Amino acid sequence: MKRLALAGAMLICALCGHVAAQTTADTPNNVPKTVTAKSPVQVGGQFFISYEDGRVSGVPYSNFFINRAYINIRAEVLPWLNGRVTPDIAVDRDGDGEGDLELRLKYCYVTASLPDLSFLQAPYLEFGLIGRPWLEFEQKINLYRVQGPMFLERGDVLNSADFGAQLGALLGGEMPEEYQKTVSSSYPGRYGSVALGLFNGGGYHAIEHNLNKSIEGRISVRPLPDIIPGMQLTYAGAYGKGNVERSVDWKKNVGHLSFEHQRLVVALTYFTGTGDYKGKTVNADGIAEKNSGWSAFTDIRIPETPLSVFGRYDHFALPDSPSEWEENTIIVGATWHIHKKSKLLVDFEKVLDKNGDGLTEILKLSVEYGF
């Protein structure tokens with residue numbers, strides 16, 4: 001069956017070249033924008049291919065691998081109704097099939113465009129296997145998912161997609177076309193954007209182990225759209241239970257300050273919470289532990305070149321655990337932007353414990369290919 005699944009994925013990839021209107025995976029996910037599609041069916045893809053060399057937990061490590069391979073298929077049924085299905089090719093790391101390439105679904109949902117409601121513009125409803133409010137937004141600012149997971153996903157606090165339903169909208173219309181063309185067309189609300197959803201809570205690759213649902217939301221505010229158009233202030237939160245049979249709290253509160261410019265992106269994140277979406281961050285008595293941390297990211301484009309340099313620092317801690325566990329991650333790299341979202345990058349990643357001792361040191365060469 002796995003061979004058949006892979007053959008199906010290869011066939012879809014081959015057909016991509018014959019589709020008249022193709023879109024890249026960086027099409028904003030907040031979209032009711034498919035009403036402008038030139039074709040009722042659009043096919044695109046996004047592939048992450050890497051080579052890593054270094055040490056993990058003191059053990060030498062060297063590996064070529066496919067980190068992710070997404071195939072995006074979008075279809076418009078009516079001017080106000082469209083859908084998306086995204087198979088995800090990933091490496092099986094468990095069980096008898098360890099090492100095999102598996103085809104699974106990352107997204108599968110329908111989107112209904114709703115009438116504008118005063119200050120809420122381009123509102124929409126998503127239903128199915130959808131992106132969660134926080135990571136969908138963050139990954140449109142930090143465009144280096146090819147390097148590795150985002151801050152909270154790396155800390156296993158939450159992942160990027162889940163089964164559920166979500167309402168969203170832009171605040172106060174859209175930013176000017178020139179800003180969307182030269183800086184960012186993702187979540188282009190003039191005064192920000194908002195999203196609120198109800199989810200299973202266990203993530204897109206987990207079986208639901210309880211009857212609890214998580215409430216997750218995000219509100220982003222662009223306070224000075226005419227003076228500092230690239231600045232946004234964001235709050236994101238989640239409230240629910242971890243995905244285990246017993247009742248384990250899961251709460252998160254995220255504060256985020258971002259600035260986007262044609263030549264510079266800066267993002268600062270602070271997080272505090274209890275437990276995680278898996279229900280695994282617990283003490284010896286099975287009670288969810290508090291966790292917290294912060295992250296800083298920057299991407300600097302070198303003028304008159306397709307090159308940029310980027311850096312990130314993550315601090316994640318369990319302050320109330322007996323071991324007072326913490327982990328600090330340093331990432332620095334350089335990127336050649338080939339075309340749109342396609343890029344080639346090399347980076348160095350180092351993970352340190354609370355004593356400053358190195359847990360991981362890896363040099364990476366990665367390619368992101370989007371069409």
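Computed from a predicted model, the values in this text were never measured in an experiment.
- Residues I219 and L120 share a hydrophobic cluster, clusters being chains of Ile/Leu/Val/Met/Phe/Trp/Tyr side chains in contact below 4.5 Å.
- R84 forms a cation-pi arrangement with Y107, by the criterion of a distance under 6.0 Å to the ring centre and an angle within 45° of the ring axis.
- Put simply, the side chain of R55 gets close to the backbone of G58: a donor and an acceptor are under 3.5 Å apart.
- A cation-pi contact, defined as under 6.0 Å to the ring centre and within 45° of the axis, links K106 to Y204.
- Rounding to the nearest 0.5 Å gives a distance of 11.5 Å between CD1 of I228 and NE2 of H261.
- Residues satisfying the side-chain contact (heavy atoms from CB on, under 4.5 Å) criterion with N200, sequence neighbours excluded, are D162, F163, E208, K213.
- Under the 4.5 Å side-chain criterion, counting only non-hydrogen atoms from C-beta, E153 is in contact with Q139.
- Side-chain contact between Y270 and N253: absent, with no pair of heavy atoms (C-beta onward) separated by less than 4.5 Å.
- Looking only at distances, a side-chain donor or acceptor of R132 sits under 3.5 Å from a matching main-chain atom of G201.
- Criterion: ILVMFWY side-chain heavy atoms under 4.5 Å apart, direct or through other members. Under it, V221 and Y191 are part of a common hydrophobic cluster.
- Residues passing the ring pair (Phe, Tyr, Trp, His ring centres under 6.0 Å) test with F137, sequence neighbours excluded: Y187.
- No side-chain heavy atom of F348 sits less than 4.5 Å from a side-chain heavy atom of I331.
- With sequence neighbours left out, the side-chain hydrogen bond (donor to acceptor under 3.5 Å, both in side chains) criterion links D353 to no other residue.
- Proximity of W134 to E216: side-chain heavy atoms (C-beta onward) are nowhere separated by under 4.5 Å.
- Judged purely by atom type and a 3.5 angstrom limit, R222 uses its side chain to pair as donor or acceptor with the backbone of G189.
- Heavy atoms from other residues, nucleotides or ligands lying under 6.0 Å from OH of Y179 number more than 12.
- Judged by distance alone, the side chain of N291 and the main-chain N or O of L318 form no donor-acceptor pair under 3.5 Å.
- When the shell of 6.0 Å around CH2 of W336 is examined, it contains 12 or fewer heavy atoms from other residues, nucleotides or ligands.
- Using a distance-only test at 3.5 Å, with no hydrogens or angles considered, no donor-acceptor pair links the side chain of N243 to the main chain of Y277.
- For the residue pair E368 and Q46, the shortest heavy atom distance occurs at OE2-NE2, 2.7 Å.
- Annotation: side-chain contact (heavy atoms from CB on, under 4.5 Å) contacts of V367 (sequence neighbours excluded): L344.
- By the criterion of side-chain heavy atoms lying less than 4.5 angstrom apart, applied directly or through intervening Ile, Leu, Val, Met, Phe, Trp or Tyr residues, V309 is grouped together with L264 in one hydrophobic cluster.
- When side chains are defined from C-beta on, S220 counts as touching R218, because their heavy atoms get closer than 4.5 Å.
- Environment of NE2 in H205: crowded, with over 12 heavy atoms of neighbouring residues, nucleotides or ligands closer than 6.0 Å.
- The shortest side-chain heavy-atom distance between K350 and V332 does not fall under the 4.5 Å cut-off.
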Problem - Verdict with reasoning, D156 to K278, per salt bridge (charged side-chain N to carboxylate O under 4.0 Å, His left out) - result: CA-CA 8 Å; D156 243 6; K278 292 181 179 179; 3.1 Å; yes

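- Side-chain N or O atoms of K364 include one that pairs as donor or acceptor with a backbone N or O of Q147 at under 3.5 Å.
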Handout entry: Working for side-chain contact (heavy atoms from CB on, under 4.5 Å), residues R145 and F48
Key = CA-CA 9 Å; R145 177 61 182 85; F48 298 163; 3.8 Å; yes

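- Aromatic rings from F127 and Y109 are positioned such that their centres are separated by 6.0 Å or more.
- Within a 6.0 Å sphere centred on CG of L224, heavy atoms belonging to other residues, nucleotides or ligands number more than 12.
- Of the possible donor and acceptor atoms, one in the side chain of S342 sits under 3.5 Å from a partner among the backbone N and O of G370.
- Heavy atoms from other residues, nucleotides or ligands lying under 6.0 Å from NZ of K354 number more than 12.
- Side-chain atoms of E178 do not come within 3.5 Å of backbone N or O of M175 as any donor-acceptor pair.
- I362 and F310 sit in two unconnected hydrophobic clusters of ILVMFWY residues. Membership requires side-chain heavy atoms under 4.5 Å apart, directly or through other members.
- Looking only at side-chain heavy atoms (C-beta outward), D314 and R154 come within less than 4.5 Å of each other.
- Between V56 and the options N63, T360, V351, L359, a side chain to side chain contact (heavy atoms under 4.5 Å, CB included) holds for only T360.
- Side-chain atoms of T305 come within 3.5 Å of backbone N or O of L307 as a donor-acceptor pair.
- In terms of the side-chain contact (heavy atoms from CB on, under 4.5 Å) criterion, residue partners of Y313 (sequence neighbours excluded) are, by chain and number, W294, H315, N328, I330.
- Classification of the Y369-F47 ring pair by plane angle, with boundaries at 30° and 60°, yields tilted.
- The side-chain contact (heavy atoms from CB on, under 4.5 Å) test applied to S308 returns Y144, D299, R301, T335, H337, not counting sequence neighbours.
- The number of heavy-atom neighbours closer than 6.0 Å to CD1 of I215, taken from other residues, nucleotides and ligands shown, is 12 or below.
- Not one N or O on the side chain of N283 forms a donor-acceptor pair closer than 3.5 Å with the backbone of E289.
- Between F259 and V265 there is no side-chain heavy-atom pair separated by less than 4.5 Å.
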Handout entry: Chi angles and distances behind the salt bridge (charged side-chain N to carboxylate O under 4.0 Å, His left out) call for K181, E177
Key = CA-CA 6 Å; K181 181 179 178 180; E177 182 177 346; over 6 Å; no

